[in-house]
Amino acid sequence: MSKGKDLANMIGDNEGVKLLMEKDKSMNQLQTEVDQYISQFKEGYFSPLAMVARLSEELGELAREVNHYHGEKPKKSSEEESTIEEELGDLLFVVICLANSLDISLEDAHNRVMHKFNTRDKDRWTRIEGGDEDGSN
């Protein structure tokens with residue numbers, strides 16, 4: 001049984017659990033899921049400045065993991081096991097919290113940045129032959 005199904009069995013079947021179990025979630029769904037989680041606590045979201053500090057902290061943890069797996073500094077046997085995937089997830093969570101607290105749609109932000117890359121930077125890099133203008137093959 002998958003972890004998601006174990007969680008659903010422990011908590012009961014409701015919409016929140018179904019969302020947790022979905023494999024492919026849109027950015028809007030991710031933002032909604034995080035907002036529902038944070039909304040259950042009186043403290044709510046941390047201040048934007050505190051979240052930027054948390055982003056720095058999480059980025060440092062990601063850098064450490066990348067260095068352990070792809071760099072010159074192997075992990076000590078006494079160090080806690082963590083993965084790059086885990087650290088990317090932590091970083092994503094804090095980015096979503098920051099965006100939610102500032103009422104920013106990450107889907108809209110992503111669309112704007114991709115438009116920028118596909119227009120301003122469209123001739124900046126050498127394209128793979130046979131690739132479409134939008135970068136897809």
Side-chain angles (χ1 to χ4, degrees):
M1 187 179 278
S2 74
K3 287 182 185 178
K5 290 200 184 296
D6 288 341
L7 183 62
N9 289 335
M10 288 188 309
I11 296 174
D13 199 336
N14 63 37
E15 289 303 310
V17 174
K18 288 178 187 174
L19 184 62
L20 283 173
M21 291 174 38
E22 284 184 34
K23 183 175 170 78
D24 297 318
K25 299 175 189 175
S26 71
M27 187 56 72
N28 286 335
Q29 286 174 309
L30 292 174
Q31 285 190 256
T32 298
E33 184 177 347
V34 169
D35 194 58
Q36 287 172 348
Y37 174 77
I38 296 294
S39 294
Q40 65 184 322
F41 304 107
K42 288 180 183 180
E43 295 81 2
Y45 290 104
F46 295 146
S47 72
L49 189 56
M51 282 191 273
V52 169
R54 281 216 47 222
L55 277 173
S56 296
E57 176 188 335
E58 296 299 345
L59 185 58
E61 292 175 14
L62 174 62
R64 185 174 180 86
E65 287 306 309
V66 170
N67 193 27
H68 286 318
Y69 289 102
H70 301 286
E72 290 73 38
K73 187 178 176 192
K75 209 172 249 204
K76 295 176 189 173
S77 60
S78 61
E79 285 185 272
E80 207 174 291
E81 192 61 35
S82 188
T83 64
I84 293 171
E85 179 182 15
E86 235 177 293
E87 298 306 335
L88 283 170
D90 290 347
L91 198 56
L92 178 61
F93 179 81
V94 179
V95 166
I96 292 171
C97 285
L98 179 59
N100 284 356
S101 74
L102 298 171
D103 200 29
I104 293 172
S105 164
L106 288 172
E107 190 171 301
D108 290 346
H110 170 76
N111 290 340
R112 278 194 297 280
V113 79
M114 289 309 299
H115 175 73
K116 177 175 66 176
F117 287 129
N118 283 314
T119 54
R120 182 192 74 188
D121 295 340
K122 70 181 180 124
D123 297 320
R124 186 174 187 178
W125 311 106
T126 307
R127 292 201 179 267
I128 298 170
E129 288 187 39
D132 294 339
E133 274 298 303
D134 67 359
S136 63
N137 287 324

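- The shortest heavy-atom contact between Met51 and Leu98 is SD-N, 3.5 Å.
- Residue pairs meeting the ring pair (Phe, Tyr, Trp, His ring centres under 6.0 Å) criterion with at least one member in residues 22-78, sequence neighbours excluded, are Tyr37-Phe41.
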Distance-only donor-acceptor hits, side chain of residues 54-62, under 3.5 Å, sequence neighbours excluded:
{"from": "Arg54", "atom 1": "NH2", "to": "Glu58", "atom 2": "OE2", "distance (Å)": "3.4"}
{"from": "Ser56", "atom 1": "OG", "to": "Val52", "atom 2": "O", "distance (Å)": "3.3"}

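- Atom NZ in Lys116 sits 8.0 Å away from atom CG in Asp121 (nearest 0.5 Å).
- Note that the CG atom of Asn67 and the CD1 atom of Ile84 stand 10.0 Å from one another [nearest 0.5 Å].
- Applying the side-chain contact (heavy atoms from CB on, under 4.5 Å) test to Ser47 and every residue at least two apart in sequence or in another chain returns Leu49, Ala50.
- Between Glu65 and Thr83, the closest side-chain pair of non-hydrogen atoms is not below 4.5 Å.
- In this view, Asp24 satisfies the side-chain contact (heavy atoms from CB on, under 4.5 Å) rule with no residue, not counting sequence neighbours.
- In this structure, the separation between CD on Gln31 and CG on Asn28 is 6.0 Å, given to the nearest 0.5 Å.
- Transitive grouping of hydrophobic side chains (ILVMFWY, heavy atoms separated by less than 4.5 Å) keeps Phe117 and Leu106 in distinct clusters.
- Only one option out of Thr32, Asp35, Leu30 pairs with Asn100 in a side chain to side chain contact (heavy atoms under 4.5 Å, CB included); it is Asp35.
- Residues satisfying the side-chain contact (heavy atoms from CB on, under 4.5 Å) test with Asp108, not counting sequence neighbours, are Ser105, Arg112.
- Side-chain contact between Lys122 and Arg127 is present, with at least one heavy-atom pair separated by less than 4.5 Å.
- In the hydrophobic clustering of this structure, Leu102 groups with Val95; members are Ile, Leu, Val, Met, Phe, Trp, Tyr whose side-chain heavy atoms approach within less than 4.5 Å, directly or through other members.
- Among residues at least two apart or in separate chains, there is no ring pair (Phe, Tyr, Trp, His ring centres under 6.0 Å) pair with a member in residues 87-111.
- The backbone N or O of Met114 lies less than 3.5 Å from a partner atom in the side chain of Asn118, making a donor-acceptor pair.
- Within a 6.0 Å radius of CD in Glu85, other residues, nucleotides and ligands contribute 12 heavy atoms or fewer.
- Going from atom CD of Glu87 over to atom OG of Ser82 covers 3.5 Å, rounded to the nearest 0.5 Å.
- In this structure, Ser26 and Gln29 approach most closely via the heavy-atom pair N-OE1, 2.7 Å.
- Scanning both residues, Ile38 and Gly44, for their nearest heavy atoms gives CG2-C, 3.5 Å.
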